[in-house]
Trainee: 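Handing you this structure, nothing more for now.
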Amino acid sequence: MYCLVDAVAFYASAEKVFDPAIRSKPVVVLTNNDGCICAICPIARRLNIPKFQPYFKVKHLLAKHKVVIRSSNYELYADLSDKMMNVISRFCDTQHVYSIDEAFLQFNGFTPLINDWHKYGQLIRRTVWRETKLPVGVGFGPTPTLAKAANHAAKKLNGFNGVAVIDSEHARQYILAAMDVADVWGVGKRLAKKLKLLNINSALDLAKQTPQRMKRLFSVVLERTVNELNGIVCLNWDDVRQDKREIFSTRSFGERLTDPVALKTALINHSIIVARKLRQQRSLTKRLLLFVASSPHESHYYKKSLVYELPVSSADSRVFAKAISEIFTQLYQHNVRFYKCGMGALELSSQQFQQPDLFAPSQDNIKLMECLDSINKRYGYDTLTLASQQQSQAWHMKRAFLSPQYTTRWQHLPKISCDL
DNA sequence: TCTGGGGTCCTAGGACCC
DNA sequence: TCTGGGGTCCTAGGACCC
């Protein structure tokens, strides 16, 4: 049995944790640079606020309904996520954290004392709420995809009260019949449109297809999904937690950038993040992809990307920074108002199997990097930096509606005043 | 006045080689 | 009259997820 626990409108709910005054109000959270709406609390959803719309286009609608607006506060969300995952982990011995707000639990051989999945799900919900003040939905099913479907039903269908269980053929058919095929995990907007042309409208319609036909018409991915919907586990644990095959760090700027030094510094900062992520999964990269671009909405769209091949696979921030300095002039162009840039690591390999070059010895110093990581982990990621990573305000994010960092800054601790 | 997220994986099609 | 291979690598863009 699999179980999926995920938070309801996580970012919006997280904003309500330390600010009870807005719990009964409609709340939306904006993406980086206050670009789009990325989270809508249930109260705001009832006002038909559209998701992933540019903020400036729905500004008037938000004002009309007096919607509370917040910028993304990742420090806060990451902390609350840790706390929530901690609570959830107590309910099963195998937990897989799938994203910032979702976790799968796998029960094989592990039977909870409460031998009733509905009651167990309610217990998870109540406990998470009591200890974190985050609302979660819980779904049980014999495969990850069915657990995901049950979770969807728990939140969207009437009468489930936040917990749904697929533990019988009747429950499976009932929940899948009520589910639009577009809501199936792994089926996006495009695929759903094509499926509907074949008269496959609900999740149950999809489940009734033969896996071979879906493979032939679409892909192996959809074949797996059909099997999963029929109770055959295809996404095994190892699959889900495999190392990443490429790692990126990209970001748009709060304001357009024309200064080459600022742009280069931004790139170097991305490379620092990528290097850190690489070291976290004990990988090295052979090739770096660097790109800079103006806004695609501008009349003269400028986009330039370059692949830099390292002589020896690396995860050393200093090697990356040097590579950027080397090729930066090929990326930069005068009179372009830069809007976005980033770096990716391609062709990853394991640190364990590094193939050294006899004639160009590695410039890596893993020990040094590990030391840097451990210091920065403890004291904050701006504690030890490269000289070329100089702090620059020029490309910082626009976050006009940022809530306090309740959990990571002493001076932001919530204050409680009481009149006695 | 201007404003439009970020990450990962997959695939079709082009370029090149023999 | 009409017809012409197969493999590898690279890249841009598509698709999906949250």
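These values consider heavy atoms only, across backbone and side chains, with no hydrogens, waters or symmetry-generated copies. Proteins get letters first, then strands, A, B, ... in listed order; numbering begins at 1 in each.
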Trainee: Taking only residues two or more places apart in sequence or in another chain, which ones pass ring-ring contact (aromatic ring centres under 6.0 Å, His included) with A/Tyr11?
Mentor: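 ring-ring contact (aromatic ring centres under 6.0 Å, His included) check on A/Tyr11 returns A/Tyr74, A/Tyr77.
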
Trainee: Kindly write out the residues that satisfy salt bridge (charged side-chain N to carboxylate O under 4.0 Å, His left out) with A/Asp34, not counting sequence neighbours, or none if the list is empty.
Mentor: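 For A/Asp34 there are no salt bridge (charged side-chain N to carboxylate O under 4.0 Å, His left out) partners, ignoring immediate neighbours.
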
Trainee: Any N/O pairs under 3.5 Å between the protein and nucleotides 16-18 of chain C? List them or say none.
Mentor:
| unit_1 | atom_1 | unit_2 | atom_2 | d |
| --- | --- | --- | --- | --- |
| C/dC16 | OP1 | A/Gly188 | N | 3.3 |
| C/dC16 | OP1 | A/Leu191 | N | 3.2 |
| C/dC16 | OP2 | A/Arg190 | N | 3.2 |
| C/dC16 | O5' | A/Gly188 | N | 3.4 |
| C/dC17 | OP1 | A/Gly186 | N | 2.3 |
| C/dC17 | OP1 | A/Val187 | N | 3.2 |
| C/dC18 | OP1 | A/Glu102 | OE2 | 3.3 |
| C/dC18 | OP1 | A/Lys148 | NZ | 2.3 |
| C/dC18 | O3' | A/Ser99 | OG | 3.4 |
| C/dC18 | O3' | A/Asp101 | OD1 | 3.0 |

Trainee: May I have all residue pairs that pass salt bridge (Lys or Arg N to Asp or Glu O under 4.0 Å) and include part of residues 177-200 of chain A, sequence neighbours excluded?
Mentor: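 Residue pairs passing salt bridge (Lys or Arg N to Asp or Glu O under 4.0 Å), neighbours aside: A/Asp180-A/Lys196.
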
Trainee: Taking only residues two or more places apart in sequence, or in another chain, which ones meet A/Asn227 in a side-chain contact (heavy atoms from CB on, under 4.5 Å)?
Mentor: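 side-chain contact (heavy atoms from CB on, under 4.5 Å) list for A/Asn227, sorted by chain: A/Pro211, A/Glu223, A/Ile232, A/Cys234.
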
Trainee: Under a cut-off of 3.5 Å for both distances of each Watson-Crick or G-U pair, what dot-bracket string does DNA chain B give, using [ ] for crossing pairs and | for inter-strand pairs?
Mentor: ....||||||||||||||

Trainee: List in chain and number order the residues that pass ring-ring contact (aromatic ring centres under 6.0 Å, His included) with A/Phe218, two or more places apart in sequence or in another chain; answer none if no residue qualifies.
Mentor: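 A/Phe218 satisfies ring-ring contact (aromatic ring centres under 6.0 Å, His included) with no residue once adjacent residues are dropped.
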
Trainee: Under the ring-ring contact (aromatic ring centres under 6.0 Å, His included) test, which residues partner A/Phe10, sequence neighbours left out?
Mentor: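 A/Phe10 satisfies ring-ring contact (aromatic ring centres under 6.0 Å, His included) with no other residue.
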
Trainee: Mark up nucleotides 8-13 of chain C, 5' to 3', with B wherever a protein heavy atom is under 4.0 angstrom from a base atom, S wherever such an atom reaches only the sugar-phosphate, and - elsewhere.
Mentor: --SS--

Trainee: Side-chain polar contacts of residues 43-66 of chain A - donor-acceptor pairs under 3.5 angstrom, sequence neighbours left out - could you list them?
Mentor:
| unit_1 | atom_1 | unit_2 | atom_2 | d |
| --- | --- | --- | --- | --- |
| A/Arg45 | NH2 | A/Ile40 | O | 3.2 |

Trainee: Sequence neighbours left out, what passes ring-ring contact (aromatic ring centres under 6.0 Å, His included) with A/Tyr406? Give chain and number order.
Mentor: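 If we apply the ring-ring contact (aromatic ring centres under 6.0 Å, His included) test to A/Tyr406, skipping adjacent residues, the hits are A/Phe18.
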
Trainee: Once side-chain contact (heavy atoms from CB on, under 4.5 Å) is applied, do any residues pair with A/Asp167, and if so which ones, sequence neighbours excluded?
Mentor: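 Partners of A/Asp167 by the side-chain contact (heavy atoms from CB on, under 4.5 Å) criterion, ordered by chain and then number, come out as A/Met1, A/Val165, A/Ala171.
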
